[in-house]
Amino acid sequence: MKVFLDFAYPVGDVVIITLAFLVYGLSLKYLGGKYKLPIIIILFGFVLMFLADFSFSYTTTLGIYYGGHPIDLFFVAAMFAMGFGLSSMDAKDPSIKLSWIYLPN
């Protein structure tokens with residue numbers, strides 16, 4: 001079971017990254033790139049999640065992983081990037097500006 005999960009998480013992440021690249025390409029084609037920056041940030045979060053899952057599997061296989069390992073920062077950074085990318089999308093005004101820090105006049 002451990003060997004299956006060691007491969008399943010990174011492979012699942014590759015599938016998610018592939019789908020995210022497809023969404024990125026379609027958003028450029030059909031939306032004119034209005035959500036380009038948020039989707040790039042979310043894509044970066046998925047890449048960080050892949051690195052975190054792969055590193056976790058590698059270190060647990062070697063037996064050197066412990067709670068609070070620096071690899072855990074990859075998980076935190078991935079969740080931050082994905083949350084930041086999602087929060088920067090604004091359906092009312094989909095422009096490059098980051099909507100949550102935009103100050104109206």
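Note that the structure is a prediction, hence the values are computed from the model and not measured. Quick note: numbers below take in every heavy atom, side chains included, and nothing from hydrogens, waters or symmetry partners. The first residue of the sequence shown is numbered 1, and numbering continues consecutively from there.
Nearest heavy atoms, Pro10 versus Phe54: CG-CA, 4.2 Å. The nearest pair of heavy atoms linking Leu43 to Ala20 is CD2-CB, 3.8 Å. Smallest separation of non-hydrogen atoms from Ala78 and Leu48: CB-CB, 3.8 Å. Across all non-hydrogen atoms, the minimal contact from Tyr24 to Ile40 is CE1-CG1, 3.7 Å. In plain terms, the two heavy atoms of His69 and Ile64 that are nearest each other are CD2-O, 3.8 Å. The minimum heavy-atom distance linking Asp13 with Phe50 is given by the pair OD2-CA, 3.4 Å.
Val11 and Tyr58 fall into different hydrophobic clusters, where Ile, Leu, Val, Met, Phe, Trp and Tyr are joined by side-chain heavy atoms under 4.5 Å apart, directly or via other members. The hydrophobic clustering, which links ILVMFWY residues whose side-chain heavy atoms are closer than 4.5 Å, places Leu62 and Ile71 apart. One hydrophobic cluster holds both Ile39 and Met79 under the rule that ILVMFWY side chains link at heavy-atom gaps under 4.5 Å.
Taking OG of Ser88 as the start and CD1 of Ile41 as the end, the distance is 4.5 Å to the nearest 0.5 Å.
Atom CZ of Phe74 has 12 or fewer neighbouring heavy atoms from other residues, nucleotides or ligands inside a 6.0 Å radius. Summarising the local packing, OH of Tyr65 is surrounded by more than 12 heavy atoms from other residues, nucleotides or ligands at distances under 6.0 Å.
Phe75 places a side-chain heavy atom less than 4.5 Å from the side chain of Phe56. Proximity of Ile17 to Phe21: side-chain heavy atoms (C-beta onward) are separated by under 4.5 Å at one or more points. Side-chain contact between Leu19 and Val23: absent, with no pair of heavy atoms (C-beta onward) separated by less than 4.5 Å.
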